[in-house]
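As structure tokens, the structure follows; a few thoughts come after it.
These numbers come from the heavy atoms of this one structure, side chains and all, not from hydrogens, waters or symmetry mates. Here the structure is a predicted model, which is why all the values come from computation and not from measurement.
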Number of protein chains: 2
Amino acid sequence: MRDLPTSLLMFIASRYAQNRIFEAGREAGLTDVTFAQSRLVAGIDPDGTRLSVLAERAQIAKQTATALVDKLERAGYVERVPDPADGRARLVRLTARAEAALPIARAEETRIEREWEAHLGTERMGQLREALVMLREITDPYLER
Amino acid sequence: MRDLPTSLLMFIASRYAQNRIFEAGREAGLTDVTFAQSRLVAGIDPDGTRLSVLAERAQIAKQTATALVDKLERAGYVERVPDPADGRARLVRLTARAEAALPIARAEETRIEREWEAHLGTERMGQLREALVMLREITDPYLER
DNA sequence: CCAATATAGTTCGATCGTAGGACTACTTCA
DNA sequence: TGAAGTAGTCCTACGATCGAACTATATTGG
């Protein structure tokens, strides 16, 4: 077995988790939400978030975010409301339907973390998280989140 | 700052590395290779690899792999040769042009690893790698690689 | 040996994700 | 108030993705 780059090892594990979460959603009936869409949804704050902020958080262009929100809106997961603070802007907000779906993803996330901790042991899992949090300081372009 | 899921922390760091490597390639003149294509290329063995194996390694459908190889072939990075062991199959092989480009990616990879180690310290970097390698045991569907 | 079945790869067609450029509406600031 | 900046959208184009159907070759049971 070759010595894989650290970043590739991270990619393997994170893709695994993404697939699991995605699959859990689908089994719960969320057949019409794609991965890119769910990544955008993950960036929506409780009180709604501007489209340009969502684009920034997901690291995609505004036009892409517009397209994704269009589809999410048509499927009934988000709505666009005027931003009272700025007439040009609109806030993207989760609908009740989306709020109902979120716990599914969170539960699967928790399940995965527990499995990982069981495999690594509490100490190693803690070290893993510590290192990843530190790494974020030099790899995340949007730390303000 | 919220407590992000471990898998998301991994995603952030691995995406950063991917972007860096991709950018390094582009600065070195590899303007015509996309990210999906390079992920496919990464799965090619020195003696050539069957398309279906590449698809499996990259976790994409055969049709997708066909399309990617088509583009890579047109750009002169890979070639298809008959598989002497099976008349139905063909081996996808790197061309000299691709072989010449590989060191660029590897060098950037090495640079990133060094930066991470400098930020985390040798011990924590070692712990990070150890945990990730262990995690691979339960998250990588293609460990035989 | 051959017919049935399986496998490797391709083609077709559809959909999603992505972004550059140009545009409209609104805001900010000198 | 007018010029410059910003939020979001529309148009257009292309890459990635895959289900379904197809061709060519291989394998296998009788």
Side-chain angles (χ1 to χ4, degrees), chain A residues 11 15 18-19 22-23 25-26 30-45 47-75 77-93, chain B residues 11 15 18-19 22-23 25-26 30-45 47-75 77-93:
Chain A
F11 180 71
R15 180 173 55 183
Q18 285 163 4
N19 286 341
F22 193 70
E23 199 53 41
R26 213 166 53 180
L30 294 175
T31 55
D32 51 354
V33 183
T34 67
F35 179 60
Q37 288 167 21
S38 63
R39 242 177 49 208
L40 196 97
V41 165
I44 301 177
D45 297 310
D47 299 330
T49 308
R50 290 192 191 177
L51 183 132
S52 51
V53 174
L54 292 182
E56 201 176 53
R57 288 181 180 172
Q59 294 193 37
I60 55 179
K62 281 190 304 176
Q63 303 97 308
T64 306
T66 298
L68 292 175
V69 169
D70 283 348
K71 290 185 183 102
L72 284 165
E73 193 169 32
R74 244 180 287 133
Y77 290 106
V78 306
E79 57 187 355
R80 283 185 246 229
V81 299
D83 183 343
D86 189 331
R88 294 166 300 180
R90 304 160 80 178
L91 295 177
V92 178
R93 276 205 316 219
Chain B
F11 179 71
R15 181 172 55 184
Q18 286 162 4
N19 287 341
F22 193 70
E23 199 53 42
R26 214 165 54 179
L30 294 175
T31 54
D32 51 353
V33 183
T34 67
F35 179 61
Q37 287 166 22
S38 62
R39 240 176 51 206
L40 197 95
V41 165
I44 300 177
D45 297 311
D47 300 329
T49 307
R50 289 194 192 174
L51 183 133
S52 52
V53 174
L54 293 183
E56 201 176 54
R57 287 183 180 169
Q59 294 195 38
I60 56 179
K62 282 190 305 176
Q63 306 97 303
T64 308
T66 297
L68 292 175
V69 169
D70 282 349
K71 290 188 183 98
L72 284 165
E73 195 170 30
R74 244 180 286 133
Y77 290 107
V78 306
E79 56 186 356
R80 284 187 247 229
V81 299
D83 184 344
D86 190 330
R88 293 166 301 182
R90 304 160 81 179
L91 295 177
V92 178
R93 275 206 316 219

**Message:** By nearest heavy atom, map A/Lys62 and A/Gly87 onto DNA chain C; which one lands nearer the 5' end?
**Reply:**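 Residue closer to the 5' terminus by nearest nucleotide: A/Lys62.
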
**Request:** Please report the C-alpha distance between B/Leu30 and B/Tyr77 in whole Å, then the side-chain angles of each, then the deciding distance to 0.1 Å, and finally whether the side-chain contact (heavy atoms from CB on, under 4.5 Å) criterion is met.
**Result:** CA-CA 11 Å; B/Leu30 294 175; B/Tyr77 290 107; 3.3 Å; yes

**Prompt:** Would B/Leu72 and B/Val92 satisfy side-chain contact (heavy atoms from CB on, under 4.5 Å), going step by step from the backbone distance to the final call?
**Reply:** CA-CA 10 Å; B/Leu72 284 165; B/Val92 178; over 6 Å; no

Considering only nitrogen or oxygen atoms on both sides, find all protein atoms under 3.5 Å from nucleotides 11-13 of chain D and state each distance.
none

If you measure from [atom1] on [X] to [atom2] on [Y], what distance do you get to the nearest 0.5 Å?
X       : Y       : atom1 : atom2 : answer
A/Lys71 : A/Thr66 : NZ    : OG1   : 11.0 Å
B/Thr34 : B/Leu68 : OG1   : CG    : 6.5 Å
B/Arg15 : B/Phe35 : CZ    : CZ    : 11.0 Å
B/Phe11 : A/Gln18 : CZ    : CD    : 5.5 Å
B/Leu40 : B/Leu54 : CG    : CG    : 5.0 Å

Can you list everything that forms a side-chain hydrogen bond (donor to acceptor under 3.5 Å, both in side chains) with [X]? Sequence neighbours excluded, please.
X       : answer
A/Thr49 : A/Asp45
B/Asp86 : B/Arg88
B/Gln63 : none

**Item:** Nearest non-hydrogen partners of A/Gly48 and A/Arg93, listed with the distance
**Value:**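 Taking A/Gly48 first and A/Arg93 second, the nearest heavy atoms are CA-CG, 3.4 Å.
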
**Prompt:** If you look at every heavy atom in A/Leu91 and A/Pro84, which pair is closest and at what distance?
**Reply:**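 Heavy atoms of A/Leu91 and A/Pro84 come nearest at CD1-CD, 4.5 Å.
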
**Item:** salt bridge (Lys or Arg N to Asp or Glu O under 4.0 Å) partners for B/Arg90, two or more places apart
**Value:**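 None.
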
**Asked** By salt bridge (Lys or Arg N to Asp or Glu O under 4.0 Å), which residues pair with B/Arg80, not counting sequence neighbours?
**Response**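 Here the qualifying residues are B/Asp70, B/Glu73.
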
**Item:** Residues in side chain to side chain contact (heavy atoms under 4.5 Å, CB included) contact with B/Ala67, at least two apart in sequence or another chain
**Value:**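 Expected list: none.
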
Expressed in angstrom and rounded to an integer, what is the separation of [X] atom [atom1] from [N] atom [atom2]?
X       : N      : atom1 : atom2 : result
B/Ile60 : D/dG19 : CD1   : P     : 12 Å
A/Phe22 : D/dT17 : CZ    : P     : 14 Å
A/Arg88 : D/dA7  : CZ    : C1'   : 6 Å
B/Asp86 : D/dA26 : CG    : P     : 6 Å
B/Arg90 : D/dT23 : CZ    : C1'   : 13 Å
A/Leu51 : D/dA7  : CG    : C1'   : 8 Å

**Message:** Taking the axis from the first five pairs and the axis from the last five, what angle separates them in the helix from C/dC1-D/dG30 to C/dA30-D/dT1, rounded to 10 degrees?
**Reply:**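 The angle, to the nearest 10 degrees, is 30°.
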
**Asked** Tell me the salt bridge (charged side-chain N to carboxylate O under 4.0 Å, His left out) pairs involving residues 30-39 of chain A, sequence neighbours left out?
**Response**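 Those involving residues 30-39 of chain A are A/Asp32-A/Arg97.
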
**Request:** On DNA chain C, reading 5' to 3', which nucleotide is the first and which the last to sit with an atom under 4.0 Å from a heavy atom of chain A, could you check?
**Result:**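 That gives a stretch of C/dC16 to C/dT27.
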
**Message:** Let's see if you get this right: which residues in residues 30-40 of chain B place a heavy atom under 4.0 Å from DNA chain C?
**Reply:**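 The answer is none.
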
**Message:** At 4.0 Å (heavy atoms only), tell me whether B/Asp83 reaches a base, stays on the sugar-phosphate, or touches nothing.
**Reply:**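 Nothing, no heavy atom under 4.0 Å.
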
**Prompt:** Does the side chain of A/Ser52 get closer than 4.0 angstrom to OP1 or OP2 of D/dG8 through an N or O atom?
**Reply:**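 Checking D/dG8 against A/Ser52, a side-chain N or O does come within under 4.0 Å of OP1 or OP2.
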
**Request:** Respond yes when some side-chain nitrogen or oxygen of A/Arg50 is under 4.0 Å from OP1 or OP2 of D/dT6, and no when none is.
**Result:**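 No.
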
**Asked** Do any of residues 65-73 of chain B sit with a heavy atom less than 4.0 Å from DNA chain D, and if so which?
**Response**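 Heavy-atom cutoff 4.0 Å gives B/Ala67, B/Leu68, B/Lys71.
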
